[in-house]
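Let me begin by presenting the structure, written as structure tokens, before commenting on it.
As the structure is a prediction and not an experimental result, all values here were calculated from the model.
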Amino acid sequence: MQYFRVLITFARNSLVRDMTYRTNFVIETISSMSWLAMNLAFYALIFRYSPSIGEGTGWEKYPFFAFLATALFVNSLMQTFFMTNMGEFSDLIRLGALDFVLLKPMDPQFLVSFPRIEWSSMGNFFLGFGLLGYSLFQLHYCPSATEVVLYVFFIACGVAIYYSLMVGLSATSVWLGRNLSLLDFWFYLTTFSRYPMEIYRGTWGTPLRQTFTFVVPVLVAINVPARFIIRSLRPETGDDWLYAAFAFFGAVASILVSRWVFKLALSSYRSASS
């Protein structure tokens, strides 16, 4: 309950900060949603000339839009809660502010993960709701309660995988100094997860699919929940449950590994006053 109360305090303070500068909040929300609208227009243009993303993959226009909505959910949650905080971790080290974090009677990883919540990024989350609802309406499909529960569960697993990757990368700032390329590197790693895994085929595609599924499990972060929300519209294979199981165990393993890396980095940290 102590951690929950602190999290609520962080959320309230962030909202007060955003509402102090309402125009900036509105501009950030609109600009973020406009960028996604342009991406959506780009995909709509692609589907004017192609029936699916990848020949024979089964990802036609509206199933792919449901996939895209899933990506919006995961990425907007990351941007709202973690991306800014993890990006500023190197500044905590450089400015000596990490000393004050370590002196507080709470877990340091929690304190560096949640102090600033970007409420303007939640606009993308609601845009994802609209896109998912529109896609399912066009498909004349209503997911079952079980599918919805599994969908939400595996979205949480996807967020856990992304968060773990971000924590592991930000922790390297203890050894590498001011890691300004952190967000760029994270963007490149997660680029592969923005498309259905079925498109990764052939000489180069198959190794990429295996690497970013079973080594760095970013592909399952989006693909698994998207498969469950439109499961009845796609032919079920034995791989569906294999990937689902791996998404869960990959999320747990990612959390544990990132926690180990974070603690190892803190053990190497030297106080700014020393």
Side-chain angles (χ1 to χ4, degrees), residues 1-22 24-26 28-29 32 72-126 128-129 152-174 178-179 182-183 186 190 221 248 251-274:
M1 289 301 297
Q2 179 187 10
Y3 283 86
F4 179 74
R5 288 195 296 268
V6 172
L7 179 60
I8 294 299
T9 301
F10 285 153
R12 183 173 62 249
N13 291 343
S14 297
L15 186 60
V16 169
R17 181 203 66 218
D18 287 341
M19 292 300 100
T20 302
Y21 304 96
R22 292 182 178 86
N24 181 70
F25 174 81
V26 172
E28 286 185 350
T29 303
S32 179
L72 287 178
F73 290 145
V74 175
N75 284 293
S76 65
L77 290 174
M78 283 297 302
Q79 292 168 357
T80 300
F81 292 100
F82 306 118
M83 193 171 294
T84 299
N85 297 316
M86 293 294 100
E88 294 178 348
F89 184 68
S90 61
D91 287 334
L92 292 179
I93 299 170
R94 182 174 61 88
L95 300 175
L98 185 58
D99 293 359
F100 298 98
V101 173
L102 297 176
L103 288 173
K104 294 176 181 178
M106 297 189 74
D107 186 83
Q109 185 172 336
F110 174 84
L111 292 175
V112 301
S113 296
F114 294 102
R116 183 170 178 174
I117 295 177
E118 298 290 349
W119 288 107
S120 59
S121 296
M122 287 301 292
N124 298 342
F125 189 87
F126 294 110
F129 262 117
V152 173
F153 174 77
F154 284 110
I155 281 180
C157 289
V159 172
I161 291 171
Y162 271 24
Y163 168 72
S164 301
L165 180 61
M166 180 62 76
V167 169
L169 289 173
S170 63
T172 61
S173 299
V174 173
R178 195 177 185 188
N179 191 357
L182 169 65
L183 294 180
W186 185 84
T190 57
F248 171 71
V252 174
S254 297
I255 289 290
L256 294 177
V257 170
S258 65
R259 178 70 172 173
W260 175 77
V261 172
F262 186 83
K263 286 188 172 183
L264 182 64
L266 288 186
S267 67
S268 301
Y269 172 72
R270 294 295 176 265
S271 170
S273 61
S274 61

Minimal heavy-atom distance between Cys157 and Ala251, with the atoms involved, is O-CB, 3.7 Å
Minimal heavy-atom distance between Ala171 and Ala265, with the atoms involved, is O-CB, 3.5 Å
Taken in chain and number order and not counting sequence neighbours, the residues that satisfy side-chain hydrogen bond (donor to acceptor under 3.5 Å, both in side chains) with Ser32 are Asn124
Contacts of Ser113 meeting side-chain contact (heavy atoms from CB on, under 4.5 Å) (sequence neighbours excluded), chain-then-number -> Phe82, Met86, Gln109, Tyr163
Measure the shortest side-chain to side-chain distance between Arg116 and Phe10 over non-hydrogen atoms and say whether it is less than 4.5 angstrom.
-> no
Residue pairs passing the salt bridge (charged side-chain N to carboxylate O under 4.0 Å, His left out) test with at least one member in residues 101-112, sequence neighbours excluded, are Asp107-Arg259
Pro108 meets the side-chain contact (heavy atoms from CB on, under 4.5 Å) criterion, sequence neighbours left out, with Val101, Leu102, Phe262, Leu266
Between Ser258 and Gly168 the two heavy atoms that sit nearest each other are CB-N, 4.3 Å
All heavy atoms of Ser90 vs all of Ser173, minimum pair found to be CB-OG, 3.6 Å
Those residues at least two apart in sequence (or on a different chain) that pass salt bridge (Lys or Arg N to Asp or Glu O under 4.0 Å) with Glu28 are none
Across all chains, not counting sequence neighbours, the ring pair (Phe, Tyr, Trp, His ring centres under 6.0 Å) partners of Tyr162 are Trp186
In this structure, OG of Ser14 is separated from CZ of Phe81 (nearest 0.5 Å) by 9.5 Å
Heavy atoms of Val159 and Met78 approach each other most closely as O-SD, 3.9 Å
The side-chain contact (heavy atoms from CB on, under 4.5 Å) partners of Ala11 (sequence neighbours excluded) come to Ile117, Trp119
query = Below 4.5 Å, heavy atoms only, C-beta onward: do Thr80 and Phe125 meet side chain to side chain?
reply = no
Residue set satisfying ring pair (Phe, Tyr, Trp, His ring centres under 6.0 Å) with Phe126, at least two apart, ordered chain then number -> none
Rounded to the nearest 0.5 angstrom, the CZ-CD distance for Phe25 and Glu118 is 10.0 Å
query = Between Phe129 and Phe73, does the ring centroid distance fall short of 6.0 Å?
reply = yes
Note, Met19 side chain near Leu15 side chain (heavy atom, < 4.5 Å) = yes
>> Whether the side chain of Ser120 engages the backbone of Thr29 through a donor-acceptor N/O pair (distance < 3.5 Å, no angle test) should be reported.
In response: no
CA sep, side-chain torsions, deciding dist, call: Phe89, Leu98, side-chain contact (heavy atoms from CB on, under 4.5 Å)
CA-CA 8 Å; Phe89 184 68; Leu98 185 58; 4.0 Å; yes
For Tyr21, the ring pair (Phe, Tyr, Trp, His ring centres under 6.0 Å) test, sequence neighbours excluded, returns none
In this structure, CG of Asn85 is separated from CE of Met83 (nearest 0.5 Å) by 11.0 Å
When rounded to the nearest 0.5 Å, the distance separating CG of Leu72 from OG of Ser121 is 12.0 Å
Is there a side-chain contact between Met122 and Gln79, using heavy atoms and a 4.5 Å cut-off?
no
For Phe100, does the CZ atom sit with more than 12 other heavy atoms under 6.0 Å from it, leaving out its own atoms?
no
Sorted by chain and number, sequence neighbours left out, side-chain contact (heavy atoms from CB on, under 4.5 Å) with Ser268 holds for Val174, Trp175
